[in-house]
Amino acid sequence: MYSVNYHRASSVADAAKLLKSGDAKLLSGGMTLIPAMKTRLAAPSDLVDISRIAALAGVTVSGKTVTIGAATTHHDVATNAKLAKACPALTHLASHIGDPQVRHKGTIGGSIANNDPAADYPAAMLALDATIITNKRKVQASKFFTGLFETALKDGEIVTGVSFTAPAKAGYAKFPNPASRYAIAGVFAAKGKDGVRVAVTGAGENGVFRSKEMEAALAKKFEAPALDGIKLSASDMMGDLHASPEYRANLVAVMAKRAVAAANG
Amino acid sequence: MSDVSLTVNGRNVKASVEDRTLLVHFLREHVGLTGTHVGCDTSQCGACIVHVDGKAVKSCTMLAAQASGSTVVTIEGLANGAELHPVQAAFKENHGLQCGFCTPGMIMSATDMIRRYPEGLDEATVRAELEGNICRCTGYHNIVKAILAASQAMSKAGKGKAKKAA
């Protein structure tokens with residue numbers, strides 16, 4: 001590891017101050033940032049550790065409203081009993097990120113702020129029409145994820161949590177890369193009070209996206225066979241050594257059916 | 001430089017380290033506990049797994065400074081003197097190792113897994129839970145057998161004792 005300055009923030013306000021030092025980056029679980037620093041894909045001069053700020057951790061379920069603090073680990077999301085009742089698709093999603101040790105450290109806030117095009121949480125946030133809460137404002141998920149590793153976050157802005165209304169039904173299915181467990185294609189399908197939302201991760205050339213085509217089909221009937229015959233265009237899909245754009249286009253449709261079946265299961 | 005202070009295997013450890021020091025290097029080079037291994041250094045292989053505040057983590061992907069204030073248990077902290085921890089004993093009994101390089105991480109992963117599944121484990125769960133550990137001798141079969149045996153032995157020994165042992 002190259003030389004870096006470590007700071008531990010005691011509060012969000014403290015973190016915001018510390019973020020002004022040099023070319024600082026926030027450190028939460030570090031499950032992406034530290035490996036990225038080792039390979040020099042990221043090279044911050046300073047790290048501001050926000051993982052011990054108690055106010056940023058925890059899951060609250062109040063009626064249909066779910067709020068999750070940014071520093072809540074994947075493990076704590078996956079094993080939260082109230083959340084398992086309110087939105088089992090999300091606990092299922094969290095329980096399949098990385099491996100057990102990664103889930104003990106990695107956080108929801110880190111995942112959505114990084115917006116890896118193959119990360120699981122962005123798909124859930126988009127399909128659940130979640131609100132991303134920062135130290136400065138609230139942003140709808142549809143306006144938050146803006147491209148590959150790109151978000152609407154401005155300099156010095158810190159994700160403090162997310163909130164959403166528990167959907168009537170939701171399911172998540174992913175085809176994981178067998179080595180990294182990142183999604184080669186992952187689909188989160190949710191039926192909420194404002195209709196059906198289908199969000200796709202791992203496959204889109206510009207990161208997480210909604211499939212209006214599949215949403216329209218599922219709005220008529222929220223059942224897997226409603227997706228029969230839907231063929232997604234390969235032109236907007238990622239292609240790499242793991243899967244070609246055509247393969248991914250097909251895989252997204254397969255995962256979407258599984259997600260809807262899981263939601264109805 | 002960071003002044004770090006943590007409890008390692010029940011002992012208070014204080015040191016001044018470079019901020020970039022990874023926990024695994026701190027444990028091996030500053031505390032002298034070389035049972036925790038560096039395998040891949042990319043958080044894939046799990047040879048570096050230790051428990052931080054009771055949870056299994058990959059110590060190659062955590063700074064020593066991040067762990068300051070925490071309680072760390074390494075492979076050296078499991079046995080009670082000459083008496084092996086039930087998971088260590090089960091690995092010995094079931095020949096759950098070949099070259100042994102991955103073993104410390106496997107055992108730290110297994111003790112954490114058994115703690116999280118006090119009701120017991122089945123083979124499919126053990127294999128899924130070993131996602132973050134790689135054995136390049138591909139000796140998984142006996143590793144899984146050892147973990148299942150340890151899980152059974154520990155639940156038989158009673159929750160109180162199993163909890164203490166983990």
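Each chain gets a letter, A, B and so on, in the order the sequences are listed, and its residues count up from 1.
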(request) Check each of B:Met1, B:Gln66, B:Glu18, B:Arg20 against A:Tyr6 using the side-chain contact (heavy atoms from CB on, under 4.5 Å) test, and report the only one that passes. (result)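 Single side-chain contact (heavy atoms from CB on, under 4.5 Å) partner of A:Tyr6 among B:Met1, B:Gln66, B:Glu18, B:Arg20: B:Gln66.
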
(request) Indicate yes or no: at least one non-hydrogen side-chain atom of B:Thr61 is less than 4.5 angstrom from one of A:Gln101. (result)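 A side-chain contact under 4.5 Å is absent here.
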
(request) Taking the side chain as every heavy atom from C-beta outward, state whether A:Lys105 and B:Val52 have any atom pair closer than 4.5 Å. (result)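 A:Lys105 vs B:Val52: side chains apart.
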
(request) Can you measure from NZ (B:Lys55) to OG1 (A:Thr73) and round to the nearest 0.5 angstrom? (result)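 B:Lys55 atom NZ to A:Thr73 atom OG1 measures 5.0 Å (nearest 0.5 Å).
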
(message) Distance check, rounded to the nearest 0.5 Å: B:Asp112 atom CG versus A:His104 atom NE2?
(response)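 The NE2 atom of A:His104 is 4.5 Å from CG of B:Asp112, to the nearest 0.5 Å.
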
(message) With a 4.5 angstrom heavy-atom cut-off, is it the side chain or the backbone of B:Leu63 that approaches chain A, or both, or neither?
(response)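 Both parts, backbone and side chain.
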
(message) Counting only non-hydrogen atoms closer than 4.5 Å, does B:Thr21 touch chain A with its backbone (N, CA, C, O), its side chain (CB onward), both, or neither?
(response)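 Neither; nothing under 4.5 Å.
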
(request) Under 4.5 Å, heavy atom to heavy atom: which of residues 124-145 of chain B reach chain A? Give them by number, or say none. (result)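 Against chain A, the residues of residues 124-145 of chain B that fall inside the cut-off (heavy atoms, under 4.5 Å) are B:Glu129, B:Glu131, B:Gly132, B:Asn133.
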
(request) Would you mind checking which part of A:Asp49 comes under 4.5 Å of any heavy atom in chain B, side chain (CB onward), backbone (N, CA, C, O), both or neither? (result)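 For A:Asp49, the side chain is the part near chain B, not the backbone.
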
(request) Tell me the residues of residues 24-40 of chain A whose non-hydrogen atoms fall below 4.5 Å from those of chain B, in number order. (result)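 Within residues 24-40 of chain A, the residues under 4.5 Å from chain B are A:Leu27, A:Ser28, A:Gly29, A:Gly30, A:Met31, A:Ile34, A:Pro35, A:Lys38.
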
(request) Inspect the surroundings of CZ in A:Arg258 and state if more than 12 heavy atoms from other residues, nucleotides or ligands are less than 6.0 Å away. (result)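 Check fails, neighbour count at 12 or below.
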
(message) Can you confirm whether more than 12 heavy atoms, excluding those of A:Glu157, are under 6.0 Å from its CD atom?
(response)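 Counting other residues, nucleotides and ligands, CD of A:Glu157 exceeds 12 neighbours.
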
(request) Heavy atoms only, distances under 4.5 angstrom: which of A:Pro100, A:Ala179, A:Ser51, A:Gly98 has the most pairs with chain B? Name it, please. (result)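 Of the candidates given, the most pairs with chain B belong to A:Pro100.
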
(request) Give the member of B:Met113, B:Gln44, B:Met62 that has the highest number of heavy-atom pairs under 4.5 Å with chain A. (result)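 The residue among B:Met113, B:Gln44, B:Met62 with the greatest pair count is B:Met62.
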
(message) So which residue, B:Ala56, B:Gly46, B:Ser43, ends up with the most heavy-atom pairs under 4.5 Å with chain A?
(response)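 Top count of heavy-atom pairs under 4.5 Å with chain A: B:Ala56.
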
(message) Please tell me whether B:Ser70 and A:Arg52 have a donor and an acceptor in their side chains that are separated by less than 3.5 angstrom.
(response)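 A pair is found: one side chain offers a donor N or O, the other an acceptor, under 3.5 Å apart.
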
